[in-house]
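By convention here, the first residue in the shown sequence is residue 1. These numbers come from a predicted model, not from an experiment.
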Amino acid sequence: MSDTSHEVIIIGSGPAGLTAAVYAARGNLRPLLIEGAQAGGQLMITTDVDNFPGFSKGIQGPDLILEMKQQAQRFETDFLTGDVTSVDFSKRPFKVVVDEDKTYTAKSIIISAGARAMLLGLESETRLMGHGVSACATCDGFFFKDKVVYVIGGGDTAVEEAIFLTRFASKVILVHRRDILRASRILQEKAFETPKIEMLWNTVVTDILGGPSGPVEGILLKNVKTEEILEHKADGVFIAIGHTPNTALFQEWLELDDRGYIKTRPGSTETNIPGVFAAGDVQDPIYRQAVTAAGTGCMAAIDAERFLEGEGHT
Ligand code: NAP
């Protein structure tokens, strides 16, 4: 059982939170890191990570998280598994409630709760989620062996998922609302060179077809230039249209931007509440990379340490 009173509590266990833990622990702050039910964040549903410095041959997302976690454990980070259900930042020590009934307090907080996949907002998408609709190719791709699947989106995630799905599916159709991909050039080139991938430009999804509880049988697609709507046979639909930050718990206390990201003072991880810091995808609408998340996690731990020193706590 963890102590309930801490110098610093870190909320979230992706690269930002785990890096903050390494730095805070090495700063002798004995951090408590709260990892939610989906510990490790988005890297846990990623396959090859080829752009994290230090891994010349690449590394699998879950292996990278495991390495980071073991590093944080080496320096006396206290890990707690549970979902943060509310926080009270009205006064210090700050309160963090886990699973509704366990309260922990800390003199400083680092929020690194990450972001999650956005959905299209169709009734059929919610109804058929897990029955042919998915937001994670690496989790569900295996179920689409020799099937026809659609991937929706034009960014790195969509293109990466489309390439990954060619391992299983007989055909992958990438549906993008414009005629230029947002994805990085290297991923685009790889997709264009992959024979199983077909592109559908200027196209949006108007409905996903299937029984009340699945499976997916088809998809209605509209060409935004001609307004023509056509029905296509589909076995699976992967939504990959971006991410939204996990900040609902904090909106009562912290200033957020118009897309819900926590606002931090430029060049630091300070929020509008002294002693509360934010790192990683919760505060980054621009870069959203594992390495930038780790970088801001490091910054948050140093900011917290200096804050506590300034308050005469350490
Ligand atoms: P993203 O870059 O925001 O791209 C989202 C894509 O979905 C865009 O192409 C967007 O279209 C489309 N979209 C958004 N809302 C839509 C809607 N309602 N209907 C149809 N299409 C919609 O998100 P992401 O691909 O998840 O990437 C997020 C960040 O992670 C990026 O910084 C990316 O570089 C990074 N990432 C990196 C890697 C890698 O380096 N290997 C892998 C994955 C992600 P428009 O283009 O028209 O806006």
Side-chain angles (χ1 to χ4, degrees), residues 42 45-47 115-244 258-260 285-286 288:
Q42 294 176 71
I45 52 170
T46 303
T47 49
R116 66 181 183 283
M118 286 189 336
L119 297 176
L120 296 165
L122 299 168
E123 179 278 328
S124 51
E125 166 192 55
T126 318
R127 177 168 47 83
L128 296 167
M129 186 61 72
H131 302 281
V133 176
S134 169
C136 174
T138 50
C139 317
D140 301 326
F142 180 76
F143 301 111
F144 295 88
K145 205 160 180 319
D146 300 323
K147 306 278 188 199
V148 175
V149 299
Y150 285 74
V151 177
I152 320 304
D156 281 331
T157 304
V159 174
E160 207 171 58
E161 299 221 331
I163 294 167
F164 177 76
L165 285 166
T166 61
R167 294 187 197 183
F168 312 100
S170 56
K171 191 155 100 175
V172 179
I173 300 109
L174 188 64
V175 178
H176 184 36
R177 62 184 177 183
R178 294 185 296 139
D179 59 1
I180 305 167
L181 292 173
R182 182 180 292 279
S184 60
R185 189 148 299 277
I186 189 160
L187 277 174
Q188 289 194 32
E189 281 167 8
K190 210 168 161 187
F192 294 141
E193 283 165 9
T194 306
K196 276 190 190 174
I197 297 180
E198 198 179 288
M199 303 283 174
L200 265 186
W201 304 110
N202 301 311
T203 301
V204 294
V205 183
T206 58
D207 207 359
I208 303 169
L209 311 172
S213 54
V216 164
E217 288 159 3
I219 186 166
L220 284 188
L221 296 175
K222 180 169 102 175
N223 183 307
V224 293
K225 299 256 171 176
T226 62
E227 300 277 309
E228 185 182 29
I229 298 178
L230 288 178
E231 184 179 330
H232 301 254
K233 186 189 167 304
D235 299 305
V237 179
F238 287 82
I239 317 291
I241 59 167
H243 293 86
T244 189
D258 53 2
R259 287 191 283 167
I286 300 168
R288 296 175 294 181

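Judged by distance alone, the side chain of Asp156 and the main-chain N or O of Ser184 form a donor-acceptor pair under 3.5 Å. Side-chain atoms of Lys171 never come within 3.5 Å of backbone atoms of Val148 as a donor-acceptor pair (strictly under, hydrogens ignored). Ser134 places a side-chain N or O within donor-acceptor distance of the main-chain N or O of Cys136, the cut-off being under 3.5 Å.
The OH atom of Tyr150 sits 6.5 Å away from the CD1 atom of Ile219 when rounded to the nearest 0.5 Å. Rounding to the nearest 0.5 Å places CE of Met199 at 11.5 Å from CD1 of Ile173. Atom CZ of Phe192 and atom CG of Leu187 lie 11.0 Å apart (nearest 0.5 Å). Expressed to the nearest 0.5 Å, how far CZ of Arg177 lies from OG1 of Thr203 amounts to 12.5 Å. Distance CD1/Ile241 to CZ/Arg182: 12.0 Å, rounded to 0.5 Å.
Looking at Phe142 and Lys145, their side chains never come closer than 4.5 Å, going by heavy atoms from C-beta outward. Using a 4.5 Å heavy-atom cutoff, the side chains of Phe143 and Phe168 are not in contact. Between Ile197 and Ile163 there is a side-chain heavy-atom pair separated by less than 4.5 Å.
The side-chain contact (heavy atoms from CB on, under 4.5 Å) test with His176 is passed by exactly one of Ile152, Leu181, Val159, Asn202: Leu181.
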Counting only pairs under 3.5 Å, give me each side-chain donor-acceptor contact of residues 115-130, with atom names and distances, residues two or more places apart or in other chains.
from: Arg116; atom 1: NH1; to: Asn246; atom 2: OD1; distance (Å): 2.7
from: Glu123; atom 1: OE2; to: Arg127; atom 2: NE; distance (Å): 3.0
from: Ser124; atom 1: OG; to: Asp207; atom 2: OD1; distance (Å): 2.6
from: Ser124; atom 1: OG; to: Ile208; atom 2: N; distance (Å): 3.2
from: Ser124; atom 1: OG; to: Ile208; atom 2: O; distance (Å): 3.4
from: Glu125; atom 1: OE1; to: Leu120; atom 2: N; distance (Å): 3.2
from: Glu125; atom 1: OE1; to: Gly121; atom 2: N; distance (Å): 2.7
from: Glu125; atom 1: OE1; to: Leu122; atom 2: N; distance (Å): 3.1
from: Glu125; atom 1: OE2; to: Leu120; atom 2: N; distance (Å): 2.6
from: Thr126; atom 1: OG1; to: Leu122; atom 2: O; distance (Å): 3.3
from: Arg127; atom 1: NH1; to: Gly210; atom 2: O; distance (Å): 3.4
from: Arg127; atom 1: NH1; to: Gly211; atom 2: O; distance (Å): 2.7

List the atom pairs, with distances to 0.1 Å, where a side-chain N or O of residues 221-231 and a protein N or O form a donor-acceptor pair under 3.5 Å, not counting sequence neighbours.
from: Asn223; atom 1: OD1; to: Lys225; atom 2: N; distance (Å): 2.7
from: Asn223; atom 1: OD1; to: Thr226; atom 2: N; distance (Å): 3.1
from: Thr226; atom 1: OG1; to: Glu228; atom 2: N; distance (Å): 3.3

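No side-chain N or O of Asp146 forms a donor-acceptor pair with one of Ser170 less than 3.5 Å apart.
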